[in-house]
Number of protein chains: 2
Amino acid sequence: MSDISLGERMRRGDVLAPHCPSRVVLRQLTSTWGVLVLLALRDGMLRFTQLRRRVGDVSDRMLAQTLKQLEAHNLVERRSFPVVPPHVEYRLTPLGEDAANRIAQLTDWIEHRLPDFGAAAA
Amino acid sequence: MSDISLGERMRRGDVLAPHCPSRVVLRQLTSTWGVLVLLALRDGMLRFTQLRRRVGDVSDRMLAQTLKQLEAHNLVERRSFPVVPPHVEYRLTPLGEDAANRIAQLTDWIEHRLPDFGAAAA
DNA sequence: TCTTACACTTACACATTTGTGCGTACTTCC
DNA sequence: GGAAGTACGCACAAATGTGTAAGTGTAAGA
């Protein structure tokens, strides 16, 4: 009875509504590796292998996939140079920087309040 | 060469480091249903069925599982009354409110910049 | 009497995510 | 001449996430 109608929710662009495109972006932005790559790139440009070393426990496969998705969402820019061995640079777009800063606020808060999350966080 | 040592990262409590407990919390906090449940509870207490109606397309199974995890992380408080039919109330803890507000800032920003994320967000 | 509602739980199966190992074309270093 | 580094792509398998359908016990409402 006190429920909000679907139409009402869509008008507000609410993520709570199913099929809202925000959910797609949110999923990518907050995916395990998406978050970590964004954070890693906050300090500036990195090459593929540097990124892999920086982000703990990421596999080649997931890193490549994550970078593609971030690029598709305009969060990361990829520059490749036609030399051998291959040379590719990754950096944040302005949109990506904005996103990364917000993510960083969240992770900083989590780290700060870590003890409060109880035994489940062990 | 410019890599930061693992020890250095752990001291800073960096999420980039593997096995950092922050990753666990982050995963839960930003999980598909975790986010949506936190947002749904921002307006106050809700019962199980209300919550299910509020959060689009969530199944009984996932909702129950999500609520358990959020409770384990001290983000949600569960109050059950020994009546029949069962009556259970869910509400945010202070920690949960803090989390929910931060998540909301992120989703608001996403909704606001949605057009900028390109065709991939379609 | 029979259905509906509540707040779940369990079993099963499918979908998505993630890891592993292998290969590449070439160059530099030992 | 052999090994290592670069930035990946691909095939296969394991792990995890998620949905579906069914069932629980009781009581209020038709």
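The structure presented is a predicted model; accordingly, all values stated were derived computationally and were not measured. Any value given below was found using the heavy atoms of this structure, including those in side chains, with hydrogens, waters and symmetry copies removed. A, B, ... follow the sequence lines: proteins, then strands. Residue 1 opens every chain.
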query = Just how far is it from atom CG of B/Leu36 to atom OG1 of B/Thr66, taken to the nearest 0.5 Å?
reply = 9.0 Å
message = Going by the rule side-chain contact (heavy atoms from CB on, under 4.5 Å), which residues pair with A/Arg113 if we only count those two or more places apart in sequence or in a different chain?
response = A/Trp109, A/Asp116, A/Phe117, B/Leu95, B/Asp98
ask   = Can you name the ring-ring contact (aromatic ring centres under 6.0 Å, His included) partners of B/His87, sequence neighbours left out?
value = B/Phe81
remark   = Taken in chain and number order and not counting sequence neighbours, the residues that satisfy salt bridge (charged side-chain N to carboxylate O under 4.0 Å, His left out) with B/Asp60 are B/Arg52
request  = Enumerate the residue pairs fulfilling salt bridge (Lys or Arg N to Asp or Glu O under 4.0 Å) with a member in residues 64-77 of chain B, sequence neighbours excluded, ordered by first and then second residue.
outcome  = B/Glu77-B/Arg79
Under the side-chain hydrogen bond (donor to acceptor under 3.5 Å, both in side chains) test, residues paired with A/Arg42 that sit two or more places apart = A/Asn101
query = B/Glu97: what forms a side-chain contact (heavy atoms from CB on, under 4.5 Å) with it, not counting sequence neighbours?
reply = B/Leu92
inquiry  = Categorize B/Arg52 for me: base, sugar-phosphate, or nothing, with a 4.0 angstrom heavy-atom threshold over every strand shown.
reply    = nothing
message = Listing request: all side chain to side chain donor-acceptor pair (under 3.5 Å) pairs with a residue in residues 31-41 of chain B, at least two apart in sequence or in separate chains.
response = A/Arg27-B/Thr32
query = Base, sugar-phosphate, or nothing for B/Tyr90, non-hydrogen atoms under 4.0 angstrom?
reply = sugar-phosphate
query = For nucleotides 12-30 of chain D, read 5' to 3', which letter fits each nucleotide if B means a protein heavy atom sits under 4.0 Å from the base, S means only the sugar-phosphate is that close, and - means neither?
reply = ------BBB----BSS---
key: chain A footprint on DNA chain C, 5' to 3' - any atom under 4.0 Å from a heavy atom   = C/dT18 to C/dT27
key: Phosphate-side-chain proximity, A/Lys68 and D/dC8, N/O vs OP1/OP2 below 4.0 Å   = no
